Peer 1: 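This is the structure, below, for whatever I ask next.
Each chain gets a letter, A, B and so on, in the order the sequences are listed, and its residues count up from 1. Computed from heavy atoms alone, side chains included, the values below leave out hydrogens, waters and symmetry copies. Note that the structure is a prediction, hence the values are computed from the model and not measured.
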Number of protein chains: 2
Amino acid sequence: MRKETSSNALNEKEINSSCGMGYALSLIGGRWKSNILWRLILDGKMRYNELRKAIPGISERMLVAQLRELEADRLVLRIVYPEVPPRVEYELTALGQSMRPMLQSISDWGEAHRKTVEDEGGLGK
Amino acid sequence: MRKETSSNALNEKEINSSCGMGYALSLIGGRWKSNILWRLILDGKMRYNELRKAIPGISERMLVAQLRELEADRLVLRIVYPEVPPRVEYELTALGQSMRPMLQSISDWGEAHRKTVEDEGGLGK
DNA sequence: CAGCATCCAGGAGGATACTG
DNA sequence: CAGTATCCTCCTGGATGCTG
């Protein structure tokens, strides 16, 4: 009855949303992306293992996967130094840097209202 | 209160993230939340069926589910008129309204850079 | 009209072992 | 050190039918 919105399952940037919001959220969505981006914003260039330690709970598999997606979305640059032992650093691209205000406003809202919620107490979930 | 990250799957607001960002994203994350919120921001109070029509592709099940979550998160107010036939309207709470700047900045970034990406064309993926 | 119930598929994410 | 490769679980979201 209802025609498929685009193709069938929209995978990533295909998200419709009312606006570019869906696109933006598809880039920073998921459990880890925003965390990784934020770390790179705060600390600048970071090595693989530094990121692992900086993001508690993330598995190797997830970290790599998310980094690869961020790279494909050109938010993050992956720099491989042909050395032994191997060294790989990750860094925000200009596009990634441009997310800072947006991420900041998200962070701000979250900080402000997480407190509010906790303050008002029981939301009895 | 807070379960250890290593325990299992953190469900919602339990997301760690580096800051409140995870909290905020847990509220607007998923495929529909931002869309619904945006509609309510633009159009104000809306009935269930109005929302359905305004958001192409969403199923009843999803719309209700997402609305209930938004309600539980106190972003949306559900107003039931005890009439026949039933009438239910959804409206942003003050908390929901407070998301507008944040959503706007997300939307702005998305609009700006979705164009950029398409403009630069081949990203070879 | 505004849902709820049920069933189902797919993908996100997790644990662990292995490798160049 | 910086990943791959497998396997598995659970959540998200889709389709459809029924109800007060």
Peer 1: Among C:dA2, D:dT4, D:dG13, find the nucleotide with the atom closest to the side chain of B:Met62.
Peer 2: D:dG13
Peer 1: Reckon B:Glu50 touches a base, only the sugar-phosphate, or nothing at all at heavy-atom distances under 4.0 Å?
Peer 2: nothing
Peer 1: Of the non-hydrogen atoms in A:Glu50 and A:Met46, which two are nearest, and what is the gap between them?
Peer 2: OE1-CA, 3.3 Å
Peer 1: Rounded to the Å, how far apart are A:Lys53 NZ and D:dA2 C1'?
Peer 2: 12 Å
Peer 1: Side chains of A:Trp109 and B:Ser98: any donor to acceptor distance under 3.5 Å?
Peer 2: yes
Peer 1: Do the side-chain N or O atoms of B:Gln66 get closer than 4.0 angstrom to the phosphate oxygens (OP1, OP2) of D:dT12?
Peer 2: no
Peer 1: Counting only side-chain N and O atoms of A:Arg68, is one of them less than 4.0 Å from OP1 or OP2 of D:dG3?
Peer 2: yes
Peer 1: Can you tell me whether the side chain of A:Arg61 and the base of D:dT6 have a donor-acceptor pair closer than 3.5 Å?
Peer 2: yes
Peer 1: What is the distance, to the nearest angstrom, from the CD1 atom on B:Ile28 to the C1' atom on D:dT12?
Peer 2: 17 Å
Peer 1: List the steps, then state whether side chain to side chain contact (heavy atoms under 4.5 Å, CB included) holds for B:Arg52 with B:Glu60.
Peer 2: CA-CA 7 Å; B:Arg52 272 201 57 181; B:Glu60 300 162 7; 2.9 Å; yes
Peer 1: Can you tell me if A:Thr93 uses its side chain to pair, donor with acceptor, with the backbone of A:Leu75 under 3.5 Å?
Peer 2: yes
Peer 1: How many whole angstroms separate atom CG of B:Leu67 from atom P of C:dG3?
Peer 2: 8 Å
Peer 1: Rounded to the nearest Å, what distance is computed from the CZ atom of residue A:Arg47 to the P atom of nucleotide D:dC1?
Peer 2: 8 Å
Peer 1: Would a distance-only check, ignoring hydrogens and angles, find a side-chain to backbone donor-acceptor pair under 3.5 Å from B:Glu69 to B:Gln66?
Peer 2: no
Peer 1: Could you tell me whether the phosphate oxygens of D:dG3, OP1 or OP2, come under 4.0 Å of any side-chain nitrogen or oxygen in A:Arg78?
Peer 2: yes
Peer 1: Is there a side-chain contact between B:Arg31 and the phosphate of D:dC11, meaning an N or O under 4.0 Å from OP1 or OP2?
Peer 2: no
Peer 1: Starting at OG of B:Ser105, measure out to CZ of B:Arg100 and round the result to the nearest 0.5 Å.
Peer 2: 13.0 Å
Peer 1: What integer distance in Å separates B:Glu69:CD from D:dC11:P?
Peer 2: 12 Å
Peer 1: Given atom CD of B:Glu60 and atom C1' of D:dT16, what is their separation to the nearest angstrom?
Peer 2: 9 Å
Peer 1: Check the distance between D:dC1's C1' and A:Ile79's CD1 and give it to me in whole angstrom.
Peer 2: 16 Å
Peer 1: Between A:Glu111 (side chain) and B:Gly20 (backbone), is there a donor-acceptor pair under 3.5 Å?
Peer 2: yes
Peer 1: Between C:dG3, D:dG14, C:dA2, which one does the side chain of B:Asn49 approach most closely?
Peer 2: C:dA2
Peer 1: Rounded to the nearest Å, what distance is computed from the CD1 atom of residue A:Ile58 to the P atom of nucleotide D:dG3?
Peer 2: 12 Å
Peer 1: When you measure from every atom of DNA chain D, which of residues 80-91 of chain B have a heavy atom less than 4.0 Å away?
Peer 2: B:Pro86
